[in-house]
Amino acid sequence: MNKGKKLYEGKAKILYEGPEKGTAIQHFKDDATAFNNLKKSTVEGKGVLNNRISEHIFNNLNQIGIKTHLIKRLNMREQLVRLVEIYPVEFIVRNVATGSLTKKLGIADGTVLSKPLLEYSYKNDDFGDPLIAREHILEFKWVPSELHLDLINSYCLRINDFMQGMFRGVGIKLVDFKLEFGVANIDGKNEILLADEISPDTCRLWDVVSEKKLDKDRFRKDLGNIVQAYQEVARRLGIIHEESNISSVKFGKPKAVNIKKK
Ligand code: UDP
């Protein structure tokens, strides 16, 4: 599929114009960044894995009635998506306290929360994505109305319920994650769609038994074996085959093939 012009380049993805009006091509890069771009690296194979994992989760969410921007996966690194106008808010759902919650408020790392905690941050790198209140979102109209915000909040909790179950079934604890939503015009009607990605880059995922981190904290905290951890998530979700090694798909030597002559 032909890509149009580059619309936007983010830290881990590039968005190109899609083949039809209202569509875009979302390309997953291998770049990893943390701490508002202070730490940067390339993790070979990460983009391929995130493309597959995010596709899997979005398709599953679609089946439980959550509307998403995903139309279909195109290839190893790209998805055809609906072009949405993203609300400048990151919706963060937490089940266990860790990361910025422990740093900002001194809550002990690993504290299990009595119910999911929904936080908002203003999507703005210049200010380091600051934590904001619901009132900021409404006052500055970052989401059009209270009704829209309540609807998105209910989607966040529904998505959390579903994903907690999905991951628990494969021995993974869903600690926290980030969601982005936007609006698209579909057949003349404005629809709120889940957008961006859901992957080990945007979730914290711990092995239920060992609490081993299977997410971007391996990069943030220099724990090593990043791509192996992402691969483990994909394997457990049944996205890639037990023996497959996604990095060898791209970087392995070409195999000899026998071509039978008729
Ligand atoms: N997160 C994200 N993008 C961001 C900020 C957070 O995907 O710009 C995810 C992060 O991976 C984690 C959750 O949201 O799963 C909560 O992140 P936290 O607020 O603890 O921020 P961090 O400690 O990563 O700065």
Side-chain angles (χ1 to χ4, degrees), residues 8-13 15 26 28-29 31-41 43 46-47 49-51 53-54 57-58 61 68-69 86-113 116-134 136-137 142 152-153 155-157 159-160 162-164 166-168 172-182 194-207 211-223 226-227 229-230 233:
Y8 170 80
E9 178 153 7
K11 293 172 208 145
K13 296 187 293 296
L15 207 62
Q26 176 164 261
F28 289 76
K29 300 192 282 185
D31 296 353
T33 68
F35 314 119
N36 202 11
N37 242 347
L38 287 176
K39 182 171 177 167
K40 287 186 204 174
S41 189
V43 179
K46 178 175 80 78
L49 285 159
N50 281 352
N51 184 21
I53 295 170
S54 196
I57 298 176
F58 274 53
L61 289 173
T68 81
H69 73 158
I86 298 273
Y87 300 133
V89 176
E90 293 187 341
F91 295 82
I92 292 170
V93 185
R94 300 179 184 274
N95 298 305
V96 176
T98 194
S100 69
L101 180 62
T102 59
K103 279 187 216 117
K104 283 196 184 103
L105 305 179
I107 309 297
D109 195 76
T111 305
V112 177
L113 304 170
L117 178 66
L118 184 55
E119 280 181 358
Y120 311 108
S121 58
Y122 178 39
K123 224 172 112 62
N124 188 321
D125 282 342
D126 294 343
F127 300 102
D129 295 349
L131 189 65
I132 50 169
R134 172 185 170 90
H136 292 109
I137 301 177
W142 288 328
I152 296 175
N153 288 350
Y155 294 158
C156 288
L157 297 177
I159 292 169
N160 184 48
F162 175 80
M163 290 214 312
Q164 260 192 319
M166 180 186 75
F167 280 118
R168 183 52 72 130
I172 294 174
K173 207 187 286 182
L174 177 63
V175 171
D176 59 27
F177 59 98
K178 184 243 344 180
L179 298 173
E180 294 186 21
F181 294 86
L194 174 68
D196 194 54
E197 68 175 296
I198 302 179
S199 72
D201 265 8
T202 64
C203 300
R204 284 199 176 92
L205 305 167
W206 296 353
D207 179 82
E211 302 225 314
K212 181 181 166 190
K213 296 180 197 316
L214 300 170
D215 56 61
K216 198 168 132 181
D217 270 354
R218 302 207 72 81
F219 171 70
R220 293 189 190 96
K221 295 171 183 268
D222 293 321
L223 300 174
I226 306 165
V227 90
Y230 284 39
V233 173

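Please read these numbers as outputs of a predicted model, since none were measured by experiment. Counting convention: from 1, in listed order, for ligands and their atoms alike. Any value given below was found using the heavy atoms of this structure, including those in side chains, with hydrogens, waters and symmetry copies removed.
- Look at Arg220 and you'll find a heavy atom under 4.0 Å from some atom of ligand 1.
- A heavy-atom distance below 4.5 Å is not found between the side chains of Thr111 and Val96.
- Interface of Asp129 with ligand 1, defined as ligand atoms under 4.0 Å from a residue heavy atom, comprises 8 (O).
- Here the closest heavy-atom approach between residue Asp109 and residue Gly99 is recorded as OD1-N, 4.1 Å.
- If you number the atoms of ligand 1 from 1 as listed, the ones under 4.0 Å from a heavy atom of Gly99 come out as 20 (O), 23 (O).
- Val175 does not count as a contact of ligand 1, since none of its heavy atoms falls under 4.0 Å from the ligand.
- When the options Lys178, Arg204, Glu197 are ranked by their closest heavy atom to atom 3 (N) of ligand 1, first place goes to Lys178.
- Put simply, the side chain of Asn95 does not reach to within 4.5 Å of the side chain of Lys173, judged on heavy atoms.
- Annotation: atom 4 (C) of ligand 1 to nearest protein heavy atom, Glu90 OE1, 3.5 Å.
- Under the 30°/60° scheme for interplanar angles, the aromatic rings of His69 and Phe58 are found to be tilted.
- Two residues are said to be in side-chain contact when any heavy atoms from C-beta on lie closer than 4.5 Å; Glu197 and Leu179 fail this criterion.
- A heavy-atom distance below 4.5 Å is not found between the side chains of Leu194 and Glu180.
- Using a 4.0 Å cut-off between charged side-chain N and carboxylate O, Lys123 and Asp129 make no salt bridge.
- The pair Arg204-Asp215 does not count as a salt bridge, with every side-chain nitrogen at least 4.0 angstrom from each carboxylate oxygen.
- Among all heavy-atom pairs drawn from Asn124 and Asp126, the shortest one is OD1-N, 3.0 Å.
- Near Asp201, meaning under 4.0 Å from one of its heavy atoms, ligand 1 places the atoms 7 (O), 11 (O).
- Not a single heavy atom of Lys123 lies less than 4.0 angstrom from ligand 1.
- Using a 4.0 Å cutoff on heavy atoms, Lys216 does not count as a contact of ligand 1.
- Heavy atoms from both the backbone and the side chain of Asp176 come within less than 4.0 Å of ligand 1.
- The option with the heavy atom closest to atom 18 (P) of ligand 1, from among Ala97, Ser100, Ala34, is Ser100.
- Of the protein's non-hydrogen atoms, Ile92 CD1, 4.3 Å is the one closest to atom 6 (C) of ligand 1.
- Between Glu119 and ligand 1, no pair of N/O atoms sits closer than 3.5 Å.
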